[in-house]
There are 2 protein chains.
Amino acid sequence: MEEDKLVCAENCPHINKINKVKEREPKADEYAKLSNVFKLFSDETRLKIICSLLKEELCVCDLCELLNLNQSQVSHQLQLLRNSKLVKFRRDGKQIFYSLNDKHVELIIQMALDHILEEEEKNELL
Amino acid sequence: MEEDKLVCAENCPHINKINKVKEREPKADEYAKLSNVFKLFSDETRLKIICSLLKEELCVCDLCELLNLNQSQVSHQLQLLRNSKLVKFRRDGKQIFYSLNDKHVELIIQMALDHILEEEEKNELL
DNA sequence: ATATCATATGAGTATTCGTTCATATGATTA
DNA sequence: TAATCATATGAACGAATACTCATATGATAT
C-alpha cells in the first residue's frame, strides 16, 4: 500500500535548492521551443546547410553542390528549417534562394564552437 | 549514359558564392562535434536537466523531484551528459551530485532563448 | 553481515527521424 | 502548349534514440 517513492528519504530532495531552481527556470512551452531549435541544429546535414547560409544566400542546387547532397535531401531539410522560420526564401525564376532569418543563429553556433574548442584544450592538457 | 546531374544547368551553382562559403566553413570533424553538442540540448528531458543544473549543483533525486521524472530516466540522460563531458559529478555518501562542466552552456541556451523571444515578438506584430 | 538507500546499467520496445525513390508543382523556354 | 528545369512533397524503409522494467552496484546504517 506504499506509494511509489519519487525522492530519496533523508536530506534529499534539497527543497531550498529546488525552489531556487524553479524560480529561474524557463516556462514549460519555452522548453519545447528551445529543444526544437536545438533539434534543428542537431543533424549534421542541417547544420551544414545552416552554416553555409551564414554568410551567403544560396539556392537549393548551390547547397547540393557545396555539400555533396542530393536535391531531395536538401529540400526536405530546408522544409524543416522553413517550418521553424529559421530560414527565409525568395523565388527568382526557376530557382529559390534561401537565407537565414535570424541573427541569433550565428551566435548560437559560435558559442557552441567556443565550447568545443575549450573541450579540446582541456583534452590537450592530459 | 548520362551522369546524374547534381547541379542545375545555367547560372547555378554560383561558383563564387560557393567558394566564399567553403573558405569560412567549419572543418569536417567540427561539424560532427557541433551536431553532437546540439543533440544533447535537443531532447526536452535533457534540456530540463541542463537548465536545472545551470544555477545549482543537484543530486539525481533532486532532479527527479524537480522535473517529475523517474530515476531511471534521469540517470540514463545524465549518463549521456557525462559521456560528453557536459556535466561533472561528485559522490557524497550515497548521493551523487551533478553540476555543469562548462560556462558556455549557459550562453548557448541564452542565445537560443533570445532567438525564441525574437520569434515571438515577430509573431505578435502580425 | 544484512538490509536499505541512492544511483547506474542492460535489454526490450516503441517512436522519432533522416534518407531514398518516385512523383508533383510551378516557372521558363522552344 | 510541350518540354525542360529547379524545387517540393509523399510514402516507405531503416537507423537512431528515449522510455520502461528489471536488476546490479556501491555506500551507509542497523
Side-chain angles (χ1 to χ4, degrees), chain A residues 2 4-14 31-32 35-36 38-50 57-84 87-99, chain B residues 2 4-14 31-32 35-36 38-50 57-84 87-99:
Chain A
E2 277 191 52
D4 277 4
K5 196 164 54 63
L6 277 175
V7 298
C8 41
E10 300 265 343
N11 312 308
C12 186
H14 308 83
Y31 277 127
S35 68
N36 282 335
F38 289 124
K39 208 163 286 175
L40 292 172
F41 288 80
S42 71
D43 174 72
E44 208 170 327
T45 299
R46 272 195 304 274
L47 189 63
K48 284 177 180 174
I49 291 175
I50 293 168
E57 179 193 60
L58 295 169
C59 70
V60 175
C61 125
D62 286 335
L63 288 165
C64 293
E65 166 70 4
L66 183 61
L67 305 173
N68 197 28
L69 301 168
N70 66 54
Q71 179 264 318
S72 179
Q73 218 176 338
V74 171
S75 281
H76 275 297
Q77 300 304 340
L78 283 171
Q79 186 181 42
L80 293 175
L81 298 174
R82 261 188 288 132
N83 290 345
S84 303
V87 300
K88 56 179 186 284
F89 58 98
R90 66 180 179 85
R91 180 179 276 277
D92 180 7
K94 284 180 284 190
Q95 298 175 171
I96 298 184
F97 287 85
Y98 284 85
S99 56
Chain B
E2 276 191 53
D4 277 4
K5 197 163 56 61
L6 275 175
V7 299
C8 41
E10 300 267 343
N11 311 309
C12 187
H14 308 83
Y31 277 126
S35 67
N36 282 335
F38 289 125
K39 209 163 285 176
L40 292 172
F41 289 80
S42 71
D43 175 71
E44 207 169 330
T45 298
R46 271 195 305 274
L47 188 62
K48 285 177 179 173
I49 292 175
I50 293 168
E57 179 193 60
L58 294 169
C59 71
V60 176
C61 126
D62 286 335
L63 288 166
C64 293
E65 165 71 4
L66 183 61
L67 304 175
N68 197 29
L69 300 168
N70 66 55
Q71 180 264 318
S72 179
Q73 220 177 335
V74 171
S75 280
H76 276 295
Q77 298 306 338
L78 282 172
Q79 186 181 44
L80 292 176
L81 297 174
R82 260 188 291 132
N83 290 343
S84 303
V87 300
K88 55 179 185 284
F89 58 99
R90 66 180 180 85
R91 180 179 276 277
D92 180 7
K94 283 180 286 191
Q95 299 175 170
I96 298 184
F97 287 87
Y98 283 86
S99 56

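Note on naming: letters A, B, ... go to the chains in the order of the sequence lines (proteins, then strands), and numbering restarts at 1 for each one.
No donor-acceptor distance shorter than 3.5 angstrom exists from the side chain of A/Asn83 to the backbone of A/Leu80, with no hydrogens or angles considered. Of the possible polar contacts, one joining the A/Ser35 side chain to the A/Ala32 backbone as a donor-acceptor pair under 3.5 Å is found.
With sequence neighbours excluded, the residues satisfying side chain to side chain donor-acceptor pair (under 3.5 Å) with B/Gln71 are B/Ser75. Residues satisfying the side chain to side chain donor-acceptor pair (under 3.5 Å) test with B/Gln77, not counting sequence neighbours, are B/Arg46. Listed by chain and number, the residues in a ring-ring contact (aromatic ring centres under 6.0 Å, His included) with A/Phe97 are B/His14 (sequence neighbours excluded). Applying the ring-ring contact (aromatic ring centres under 6.0 Å, His included) criterion to B/Phe89, with sequence neighbours excluded, gives B/Tyr98.
Rounded to whole angstrom, the span from the NZ atom of A/Lys48 across to the P atom of C/dT19 amounts to 10 Å. A/Ile96 places its CD1 atom 9 Å from the C1' atom of C/dG26, with the value rounded to the nearest Å. Atom CG of A/Leu78 and atom P of C/dT19 are 12 Å apart (whole Å).
Applying the 4.0 Å criterion to OP1 and OP2 of C/dT19, one finds that A/Asn70 has every side-chain N and O outside that range. An OP1 or OP2 oxygen of C/dC5 is reached within less than 4.0 angstrom by no side-chain nitrogen or oxygen of B/Gln95.
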Inset, instruction - Summarise how protein sits on nucleotides 23-30 of chain D as a single string, 5' to 3': B when a protein heavy atom is under 4.0 Å from the base, S for sugar-phosphate-only contact, - for no contact. - result: ----BS--
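For a distance-only test at 3.5 Å, the side chain of B/Ser72 fails to qualify as a donor-acceptor partner of the base of D/dC19.
Side chains of B/Leu63 and B/Leu69 form no contact here, defined as non-hydrogen atoms less than 4.5 Å apart. Between A/Ser72 and A/His76, some side-chain heavy-atom pair lies under the 4.5 Å cut-off.
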What pairs of nitrogen or oxygen atoms, one from the protein and one from nucleotides 15-18 of chain D, lie under 3.5 Å apart?
from	atom 1	to	atom 2	distance (Å)
D/dA18	OP2	B/Arg46	NH1	2.7

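Using a 5.5 Å limit on the distance between ring centres and a 30° limit on the angle between planes, the aromatic ring of A/His76 does not count as stacked on the six-membered base ring of C/dT19.
The residue A/Phe89 sits apart from the nucleic acid: no heavy atom pair falls under 4.0 Å.
The CD1 atom of B/Ile50 sits 8.0 Å away from atom CZ of A/Phe38, with the distance rounded to the nearest 0.5 Å.
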